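A short write-up of the structure that comes next.
Predicted, not measured: the structure shown is a model, and the values here were computed from it. Scope of the values below: all heavy atoms of this structure, side chains included, with no hydrogens, waters or symmetry mates. A, B, ... follow the sequence lines: proteins, then strands. Residue 1 opens every chain.
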Amino acid sequence: MPELPEVEVIRQSLDKKIKRKKVKKVIVRNKNLRFKIPDGFSRFLENKKILRVGRFSKYLIFYLSNKSYCLLHLGMSGTIHLLNQNKKNFITNTSFYNSPILPKKHNHVEIIFEKIRIIYNDPRRFGFFQIIDNSKMLEKRFSNFGPEPFHLDFNLKYVLSFFKKKEKNIKNFLLDQNFVSGIGNIYANEILFLSKVKPDKKVNLLKKKDCVRIIINSRKVLKDAIKKGGSSIRDFKNTFGSKGDFQKNFKVYDRVGLLCKRSSCAGKIKKKIISNRSTFFCDTCQI
DNA sequence: AAGAGGCCCTGATAGC
DNA sequence: TGCTATCAGGGCCTCT
């Protein structure tokens with residue numbers, strides 16, 4: 001599910017719900033996520049206030065009242081579910097498990113506030129939590145990440161310097177978080193379609209104007225997706241914070257065999273595996 | 001040292 | 001109905 005736009009939409013709703021609220025209790029049901037949740041994780045969060053919920057790239061950042069941080073990456077299948085609850089017996093109460101909005105399985109972590117309970121669900125367990133002790137460590141954690149597309153650092157000069165003499169194709173670059181942060185497989189496909197660039201084009205062959213279009217469209221696609229509430233595909237429709245609508249705007253993703261949406265183009269959308277990821281493009285108007 | 005590929009995991013779906 | 005194979009939005013690790 002989650003590329004930058006989906007994570008941002010979740011962040012916005014989560015921030016509204018738990019900002020300035022104190023964590024009463026944390027329950028870890030299954031600590032075997034992508035990285036093992038360490039002993040003491042619950043103790044670390046309990047009795048601390050969430051000052052706000054931030055985000056960098058595809059990571060949610062919980063700003064804690066003792067100037068430490070908790071990161072959450074949703075992996076491929078991580079979702080957050082939010083349940084209101086009565087004050088009475090709010091920690092031990094388990095009636096919420098019957099809630100129709102809550103999946104039956106894979107509810108691995110619960111963070112319990114006085115009137116609200118957030119539940120981390122993740123069937124594939126590619127997501128993870130991470131405790132960060134201070135702002136220095138937070139800075140270090142993301143020091144190797146490229147800028148987000150919106151950032152002024154993601155500009156022509158930066159892109160050209162990265163592409164010089166590189167043999168890699170442009171799609172892999174867009175997915176490379178060291179180059180640019182927050183783009184995943186869906187939006188990489190969409191960005192390249194709008195930019196009229198073939199996904200397997202080697203970056204050292206790109207013209208300046210191609211790079212400019214890729215920069216502009218990276219911003220455009222992510223911004224539009226955030227505005228539409230992200231993309232909901234497969235069974236993620238009812239998930240908290242991601243009842244998105246952007247999938248209706250997909251020009252190439254999951255449209256193999258269908259007509260190209262560019263009005264002047266008669267091509268059909270092709271599918272090709274690049275570095276083990278499904279890649280969709282129009283080989284008529286993307287060159 | 002850049003770049004390709006394997007792998008972590010479960011669930012939905014397609015094909016027989 | 002029930003089996004098997006394939007695929008899924010991420011990113012780390014290893015190998016060449």
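Counting to the nearest Å, the P atom of B:dA4 and the CG atom of A:D200 are 11 Å from each other. Taking atom CE of residue A:M76 and atom C1' of nucleotide C:dT6, one finds them 13 Å apart after rounding to whole Å. Separating the CD1 atom of A:I10 from the P atom of C:dG9 is a distance of 17 Å, rounded to the nearest angstrom. Note: CD (A:E8) to C1' (C:dG9) measures 17 Å, nearest angstrom. Between A:K105 atom NZ and B:dA12 atom P there is a gap of 8 Å when expressed in whole angstrom units. To the nearest angstrom, P of B:dA2 lies 15 Å from CZ of A:F179. Rounded to whole Å, the distance from CG on A:N32 to C1' on B:dC8 is 12 Å. Straight-line distance from the CG atom of A:N178 to the C1' atom of C:dC13: 14 Å, rounded to whole Å.
Distances were taken from every side-chain heavy atom of A:F35 (C-beta onward) to each of B:dG11, C:dC12, B:dG3; the shortest belongs to C:dC12. Here the nucleotide nearest the side chain of A:E3, chosen from B:dA2, C:dG9, B:dG11, is C:dG9. Listed nucleotides: C:dC12, B:dG11, B:dG3. Nearest to the side chain of A:P123: B:dG11.
For A:E167 and A:N276, each mapped to the nucleotide of DNA chain B holding its nearest heavy atom, the one lying further toward the 5' end belongs to A:E167. Mapping A:Y59 and A:F280 onto DNA chain C via the closest heavy atom, the residue that lands nearer the 5' end is A:F280.
Taking the charged nitrogens against the carboxylate oxygens, A:E110 and A:R29 do have a contact shorter than 4.0 Å, which makes a salt bridge. A salt bridge is defined here as a Lys NZ or Arg NE, NH1 or NH2 lying under 4.0 Å from an Asp or Glu carboxylate O, and A:E8 with A:R11 meets this definition. Salt-bridge formation is not detected for the pair A:K201/A:D210: no Lys NZ or Arg NE/NH1/NH2 atom is positioned less than 4.0 Å from an Asp or Glu carboxylate oxygen.
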Note to self: Does A:F246 form a ring pair (Phe, Tyr, Trp, His ring centres under 6.0 Å) with A:Y253? I'd like the steps, not just the answer.
What the structure shows: CA-CA 11 Å; A:F246 192 76; A:Y253 185 81; over 10 Å; no
Checklist line | Test log, rule side-chain hydrogen bond (donor to acceptor under 3.5 Å, both in side chains), inputs A:K105 and A:N121 | finding: CA-CA 8 Å; A:K105 294 165 77 177; A:N121 183 285; over 6 Å; no
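Stacking between A:F126 and C:dG11 is absent: the ring centroid is not both under 5.5 Å from the six-membered base ring centre and under 30° in plane angle.
With a 3.5 Å ceiling on both atom-pair distances, C:dG9 lacks any Watson-Crick or G-U wobble partner. The base-pairing partner of B:dC9, taking Watson-Crick or G-U wobble contacts with both distances under 3.5 Å, does not exist among the strands shown.
Using a 4.0 Å cut-off, no side-chain N or O of A:H106 falls inside it from OP1 or OP2 of B:dT10. For A:K165 and B:dA2, the shortest distance from a side-chain N or O to OP1 or OP2 is not below 4.0 Å. Between B:dA4 and A:N172, a contact under 4.0 Å exists linking OP1 or OP2 to a side-chain N or O. The shortest distance between the side-chain N/O atoms of A:R125 and the OP1/OP2 oxygens of B:dT10 is below 4.0 Å. A close approach under 4.0 Å does occur between a side-chain nitrogen or oxygen of A:K58 and OP1 or OP2 of C:dG10. For A:R277 and C:dG9, the shortest distance from a side-chain N or O to OP1 or OP2 is below 4.0 Å. Note on A:Y253: a side-chain N or O is less than 4.0 Å away from OP1 or OP2 of C:dG9.
No contact: A:K202 has no heavy atom under 4.0 Å from any strand.
Aromatic ring centres of A:F150 and A:F154: separated by at least 6.0 Å.
Atom name P, nucleotides C:dG11 and B:dA1: the rounded distance is 24 Å, in whole Å.
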